[in-house]
Amino acid sequence: MKRDDQGSEEWDFSASPKHYYVKEKPIYTTQFSDLETMKEKFAKLLLGEDVTGGSKGVSTALALSNAITNLAASVFGELWKLEPLAEDGRMKWKREMEWLLSPTNHMIELVPAKQTGSNGQKLEIMVPKARADIHMNLPALQKLDSMLLEALDSMVNTEFWYTEVGSRAEGRSRSAGESKRWWLPSPQVPIAGLSDPERNKLLNQGKLVNQIYKAAKAINENVLSEMPVPTIIKDALPKSGRTSLGEDLYRILNAESTSMEDMLNFLNVKSEHNALEAVNRLEAAILAWKEKVADHVCGKSPARTSWSFKKDPISELDKIEVLSSRAEALLQQLKNKYPNLPQTFLNVTKIQYGKVKIYVPLATSIRQN
C-alpha cells in the first residue's frame, strides 16, 4: 500500500510481483451471437445446470466440468480421421474454452510480498496469486491441448486417405461379427504401401499423442487424489478395511511372500467389470486404513495398555500400513492392466460433491486411433 499527500491509502499493483500465468489473447473476433451464447452458458452454470431455477442444480465446479466435457464431445466426438480440425470447430473450441476457464482468473490466494513505496520505504503487502493447483495444472493442460491440435494440423498432404461410402456399404453386407464398426471411415493406402518417411512420421506422431494422453491422464489423477472424499460418503463406507475388501481379497493381500503378479492371478479378473469392482473395494479399504492411522496419530485411538493379553496397537498399525501399501501396489497393477476403466466410485463422488477443485477431463477427449 502507498499513502498519498492527503493521507489516504490505496493499493498499488503496478509494482507488485506478477504471479499470474500469461495467457495468449484470442485471435477470434467476438460477434453479437457469441455474446448471446456466452450469456446462455454462464446463466446455465450459475443455475447449476438446472435452468428451471429449482433446487436440483449441481455445484459450480461440477457444472464447469460437465460443460467442458460436453464441449469436448461436441467438437472432438465425431473426429474419426487424421486430418486438421475444421476451422469452425477449432474456433468454437478456443472461444468456448476461453469462456469456461475465465472463472479461474478469480480463483486466487493472497501471498506476502515486499514493495517499495514512493518515499523509499519498504512495505510488506499481500498480492494476488493464482491458486496453486490452477497455477501448476492449467498452463500444462493448455500446452497439451495446443500440442494435440498441432498434431492434427500436421496431417496434411498425406499418402493415405479415407473412404466412407465403401466402408459403410461393405458393413451392411457383412455379418454382424465382422461389421461392428462399419460406420467409421476406412483408411486406404497406396498399393505399394506407405513410404518410409511417411511411416516414420505417423509412428512419431502416434508416440507424441500417446505421451499427451498419459500426461493429461496423470494431471487428472493428481487433481482427483487431492480432492477430499465427501463426508457423506466417508461416513457411509465401512470403517474396517477387511469389511470393504471382502474375505477373498483380504486373504490375497494377507498372504505371505506373494508377488503382485501372483495376486493378480489369484484375483482371477475376467472382465473390466470385475476389475472395477476390485478397484472400488481396494480404494475403500485404503481409505479406511488411512483414517484409522490418522486417528491414531491425532490421539483418537485408545491409549496403549501395558497388559500382556491386550492386542498391541503398535503392531496392529504396522500390519495396517503393510496391508495398505500392498493394496496400493495391487491397485496400481490393476489400473495398468486395465487403463480404460471408468471412474471409480470414490472419484465419481469427489467430482459430484466437489465445491472447490475443478476437474478438467481433457484426457477423455484424446482418442488413440
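Keep in mind that what you see is a predicted model, and the values were worked out from it rather than measured.
Between the CG atom of Asn222 and the CE atom of Met227 there is a distance of 12.0 Å, given to the nearest 0.5 Å. One distance of note links CG of Asn347 with CD of Gln352; it measures 12.5 Å at 0.5 Å rounding. The CD atom of Glu291 sits 13.0 Å away from the CD1 atom of Ile286 when rounded to the nearest 0.5 Å. Distance check, rounded to the nearest 0.5 Å: CD1 of Ile233 to CG of Leu287 gives 11.0 Å. For the atom pair Asn200 CG and Leu203 CG, the distance stands at 6.0 Å (nearest 0.5 Å). Residue Lys217 holds its NZ atom at 15.5 Å from CD1 of Ile212, rounded to the nearest 0.5 Å.
Proximity of Lys292 to Ile320: side-chain heavy atoms (C-beta onward) are separated by under 4.5 Å at one or more points. Annotation: side chain of Leu149 is not in contact with side chain of Ser146 (no heavy-atom distance under 4.5 Å). Side chains of Met97 and Ile68 form a contact here, defined as non-hydrogen atoms less than 4.5 Å apart. The shortest distance between side-chain heavy atoms of Asn254 and Lys319 falls below 4.5 Å. With contacts defined as side-chain heavy-atom distances shorter than 4.5 Å, the pair Val75/Leu85 qualifies. Side-chain atoms of Trp289 and Ser240, non-hydrogen and from C-beta on, never get closer than 4.5 Å to each other. Annotation: side chain of Leu323 is in contact with side chain of Tyr250 (closest heavy-atom distance under 4.5 Å). Counting heavy atoms from C-beta outward, Glu124 and Gln115 have side chains that stay 4.5 Å or more apart.
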Quiz prompt | Steps toward side chain to side chain contact (heavy atoms under 4.5 Å, CB included) verdict (Leu110, Val127) | solution = CA-CA 5 Å; Leu110 294 176; Val127 296; over 6 Å; no
Quiz prompt | Criterion side chain to side chain contact (heavy atoms under 4.5 Å, CB included) on Phe160 and Leu202, from CA distance to verdict | solution = CA-CA 11 Å; Phe160 59 89; Leu202 284 176; 3.8 Å; yes
Quiz item: Please walk me through it: do Lys94 and Glu98 pass side chain to side chain contact (heavy atoms under 4.5 Å, CB included)?
Solution: CA-CA 6 Å; Lys94 288 183 174 293; Glu98 184 78 16; over 6 Å; no
Self-check item: Worked check of side chain to side chain contact (heavy atoms under 4.5 Å, CB included) between Met38 and Glu96
Solution: CA-CA 8 Å; Met38 182 174 64; Glu96 296 194 14; over 6 Å; no
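Evaluated for a side-chain contact (heavy atoms from CB on, under 4.5 Å) with Arg281, the options Thr243, Leu249, Asp248 yield exactly one hit, Leu249. A side-chain contact (heavy atoms from CB on, under 4.5 Å) with Ile351 holds for exactly one of Leu224, Leu346, Val223, Asn66; it is Leu224.
The pair Glu328-Lys290 meets the salt-bridge criterion, with a side-chain N (NZ, NE, NH1 or NH2) lying under 4.0 Å from an Asp/Glu carboxylate O. Under a 4.0 Å N-O distance rule, the pair Glu36/Lys39 qualifies as a salt bridge. Using a 4.0 Å cut-off between a side-chain N of Lys or Arg and a carboxylate O of Asp or Glu, Arg90 and Asp153 qualify as a salt bridge. We find that Glu221 and Lys335 are not joined by a salt bridge, their nearest charged nitrogen and carboxylate oxygen being 4.0 Å or further apart.
Between the side chains of Gln332 and Asn336, a donor-acceptor pair is found at a separation under 3.5 Å. Between Ser271 and Asn274, the side chains place a donor N or O and an acceptor N or O closer than 3.5 Å (distance only, hydrogens not considered). A donor and an acceptor atom, one from each side chain of Thr158 and Glu198, are nowhere located under 3.5 Å apart.
When atom types are taken as modelled, the side chain of Asn280 and the backbone of Phe345 share a donor-acceptor pair closer than 3.5 angstrom.
Grouping the Ile, Leu, Val, Met, Phe, Trp and Tyr side chains by contacts below 4.5 angstrom, directly or via other members, places Val322 apart from Leu317. Val348 and Leu331 sit in two unconnected hydrophobic clusters of ILVMFWY residues. Membership requires side-chain heavy atoms under 4.5 Å apart, directly or through other members. Val189 and Leu82 fall within the same hydrophobic cluster, defined by Ile, Leu, Val, Met, Phe, Trp and Tyr side-chain heavy atoms under 4.5 Å apart, directly or through other members. In this structure, Leu341 is a member of the same hydrophobic cluster as Leu282, with clusters built from ILVMFWY side-chain heavy atoms closer than 4.5 Å.
Annotation for Arg326 and Leu253: closest pair NH1-O, 2.9 Å, computed over non-hydrogen atoms. Taking every heavy atom of both residues into account, Ile134 and Pro139 meet most closely at O-CD, 3.3 Å. When all heavy atoms are compared, the tightest approach of Ala216 to Leu144 is N-CD1, 3.7 Å. Considering every non-hydrogen atom in both Pro228 and Lys350, the closest pair reads O-CG, 3.6 Å. Considering all non-hydrogen atoms of both residues, Gln343 and Leu276 come closest at O-CD1, 4.3 Å. Nearest heavy-atom pair across Ser195 and Glu159 is OG-OE2, 2.6 Å.
The number of heavy atoms from other shown groups lying within 6.0 Å of NZ (Lys239) is above 12. Atom CD1 of Ile232 has 12 or fewer heavy atoms from other residues, nucleotides or ligands within 6.0 Å.
The ring of Trp80 has its center no closer than 6.0 angstrom to the ring center of Tyr162.
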